[in-house]
Amino acid sequence: MRCDRVHSFDVAKQGYVNLLHARIPAGTADTAPMVAARVDLLSSGVYLPLADALAKVASEHIEDGMVIDAGAGTGYYLAHVLDAVPAAYGLALDVSAVALRRAARAHPRAGAAVWNLWEPWPVADSSASLILNVFAPRNAPQFHRVLTEDGLLVVATPNPGHLRELGDLVISVDGSKDARLEDTLGERFTRVDRHEVTQQVALEPDRIRQVVEMGPSAHHLHRDGRRERLDAITGSVDVTTSFSVTLYRPVS
Ligand SMILES: C[S@@+](CC[C@H](N)C(=O)[O-])C[C@H]1O[C@@H](n2cnc3c(N)ncnc32)[C@H](O)[C@@H]1O
């Protein structure tokens with residue numbers, strides 16, 4: 001691929017393109033073990049209710065156009081959304097090349113580009129009919145710039161009760177997150193709807209390990225005997241998963 005300043009970028013054999021021209025701070029991107037844990041956990045269907053909720057919202061609001069998954073990880077949620085909107089195509093953006101190798105193969109109508117979401121996105125103005133943002137950084141000015149006037153921003157966040165049975169093995173969800181979400185989106189977006197997706201699931205020890213190891217909690221396992229406590233879990237645990245799916249329209 002070539003930009004109009006004649007920089008060229010190779011499409012990797014796995015199907016994604018790396019557009020990053022600067023180093024990103026260590027610890028920003030999901031690592032290979034985190035991605036492996038995420039792939040296993042998501043393939044078990046534990047978070048399928050969230051994927052279904054996102055797909056339903058998308059099919060109710062758009063018919064076609066580009067869906068950008070900002071912080072797409074392995075592209076799991078983007079693939080569900082594209083399945084639900086057959087005339088749409090997708091773009092997975094994420095700073096983790098390891099994750100994007102998966103995202104590039106997640107759906108035949110999806111492309112994937114390694115990018116730092118805090119930089120201006122390599123995407124044209126008013127070009128996306130939907131932006132998906134699932135547990136990932138939120139860059140409100142870029143959301144606003146790339147969405148069409150009647151576009152939709154769909155943000156998924158964990159609720160305070162999410163995984164509460166796992167105690168400090170997972171980093172707890174801050175109860176003021178809702179207010180912070182509104183703060184980050186500022187005056188550029190108006191909230192138009194919100195759905196809660198909550199369920200109880202029995203998780204086997206391997207699944208519990210994947211839940212912990214696929215996210216930022218993985219970086220804290222060396223603290224307070226957490227690794228030992230995780231390894232000591234031998235039976236299944238009933239766990240609550242709880243998410244909010246919040247819909248926003250851009251303010252013109
Ligand atoms: C908790 S994961 C969520 C991934 C995916 N949405 C999912 O739920 O499976 C957060 C994702 O954001 C990505 N990420 C973190 N900081 C980023 C940045 N500055 N630019 C692009 N992606 C970033 C990570 O690499 C990771 O894939």
Side-chain angles (χ1 to χ4, degrees), residues 16-55 57-58 67-82 90-107 110 112-123 130-143 146 153-159 162-163 170-174 177 181 184 197 207 210-220 241-246:
Y16 68 91
V17 60
N18 190 339
L19 299 175
L20 268 189
H21 46 70
R23 286 191 164 273
I24 46 124
T28 307
D30 274 12
T31 60
M34 287 163 84
V35 171
R38 186 171 294 272
V39 167
D40 282 346
L41 193 274
L42 292 176
S43 69
S44 76
V46 171
Y47 285 6
L48 188 59
L50 174 60
D52 285 343
L54 294 169
V57 161
V67 177
I68 298 179
D69 191 345
T74 59
Y76 176 76
Y77 298 102
L78 178 61
H80 279 80
V81 164
L82 292 176
L91 174 63
L93 293 178
D94 200 290
V95 79
S96 166
V98 187
L100 277 196
R101 268 175 221 155
R102 299 285 183 159
R105 292 185 309 230
H107 200 280
V114 180
W115 190 249
N116 179 359
L117 294 172
W118 294 121
E119 297 289 329
W121 297 3
V123 176
L130 190 143
I131 294 176
L132 205 55
N133 181 253
V134 185
F135 325 131
R138 290 183 282 273
N139 184 337
Q142 291 301 307
F143 286 167
V146 307
L153 168 64
V154 181
V155 180
T157 48
N159 289 330
H162 181 58
L163 302 177
V170 286
I171 293 168
S172 64
V173 175
D174 174 357
K177 241 187 173 161
L181 175 55
T184 40
V197 183
R207 295 279 173 243
Q210 288 157 5
V211 164
V212 175
E213 288 171 357
M214 73 180 194
S217 312
H219 301 304
H220 302 274
T241 63
S242 182
F243 311 101
S244 287
V245 174
T246 314

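Indexing begins at 1, ligand by ligand and atom by atom, following the structure's order.
The heavy-atom pair separating Ala72 from Asp94 by the smallest distance is N-OD2, 3.4 Å. Residues Tyr76 and Tyr47 approach most closely at OH-C, 4.2 Å, considering heavy atoms. The shortest heavy-atom contact between Trp118 and Pro137 is CZ2-CB, 3.4 Å. Looking at every heavy atom in both residues, Gln142 comes nearest to Trp121 through OE1-N, 3.0 Å.
Note: Arg102 CZ to Leu42 CG = 11.0 Å, rounded to the nearest 0.5 Å. Atom-to-atom distance recorded for Leu117:CG and Arg138:CZ is 11.5 Å, nearest 0.5 angstrom. Distance check: Leu50 CG to Thr241 OG1 gives 8.5 Å after rounding to the nearest 0.5 Å.
Given atom 9 (O) of ligand 1, the protein heavy atom at minimum distance is Arg38 NH1, 3.0 Å. The closest protein non-hydrogen atom to atom 17 (C) of ligand 1 is Pro137 CG, 3.6 Å. In terms of protein heavy atoms, atom 20 (N) of ligand 1 is closest to Leu117 N, 2.8 Å. When only non-hydrogen protein atoms are considered, atom 10 (C) of ligand 1 lies nearest to Phe135 O, 3.3 Å.
In this structure, Trp115 has a heavy atom closer than 4.0 Å to ligand 1. Assignment of Trp118 to the shell around ligand 1 is supported, since a heavy atom sits closer than 4.0 Å. At least one heavy atom of Asp94 sits less than 4.0 Å from an atom of ligand 1.
Checked by distance only, ligand 1 and Thr74 stay at 3.5 Å or farther apart across all their nitrogen or oxygen atoms. The shortest N or O to N or O distance between Val95 and ligand 1 is below 3.5 Å. Taking distance alone, with nitrogen or oxygen atoms compared against 3.5 Å, Leu93 stays at or beyond that limit from ligand 1. Between Val134 and ligand 1, an N or O atom pair is found at a separation short of 3.5 Å. Note: an N/O pair closer than 3.5 Å links Gly71 and ligand 1 by distance alone. Residue-to-ligand polar distances keep Asp69 apart from ligand 1: every N/O pair is separated by 3.5 Å or more.
Which parts of ligand 1 touch Ala72 is read off a 4.0 Å heavy-atom cut-off, strictly below it: atoms 5 (C), 6 (N). Remark: ligand 1 atoms within the under-4.0 Å shell around heavy atoms of Tyr77 are 7 (C), 8 (O), 9 (O). Those atoms of ligand 1 with a heavy atom of Thr28 less than 4.0 angstrom away are 15 (C), 16 (N), 17 (C), 19 (N). When each atom of ligand 1 is checked for a heavy atom of Ala29 under 4.0 Å away, the hits are 25 (O). Numbered from 1 in the order shown, with element, the atoms of ligand 1 that lie under 4.0 Å from a heavy atom of Asn116 read 18 (C), 19 (N), 20 (N).
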Worksheet item: Run the side-chain contact (heavy atoms from CB on, under 4.5 Å) check on Leu41 and Val211 step by step: do they pass?
Response: CA-CA 7 Å; Leu41 193 274; Val211 164; 3.8 Å; yes

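Looking at heavy atoms from C-beta onward, Val35 lies in side-chain contact with Thr74 at the 4.5 angstrom threshold. When side chains are defined from C-beta on, Trp115 does not count as touching Val17, because their heavy atoms never get closer than 4.5 Å.
For the residue pair Asn159/Ser242, the side-chain donor-acceptor check at 3.5 Å is satisfied.
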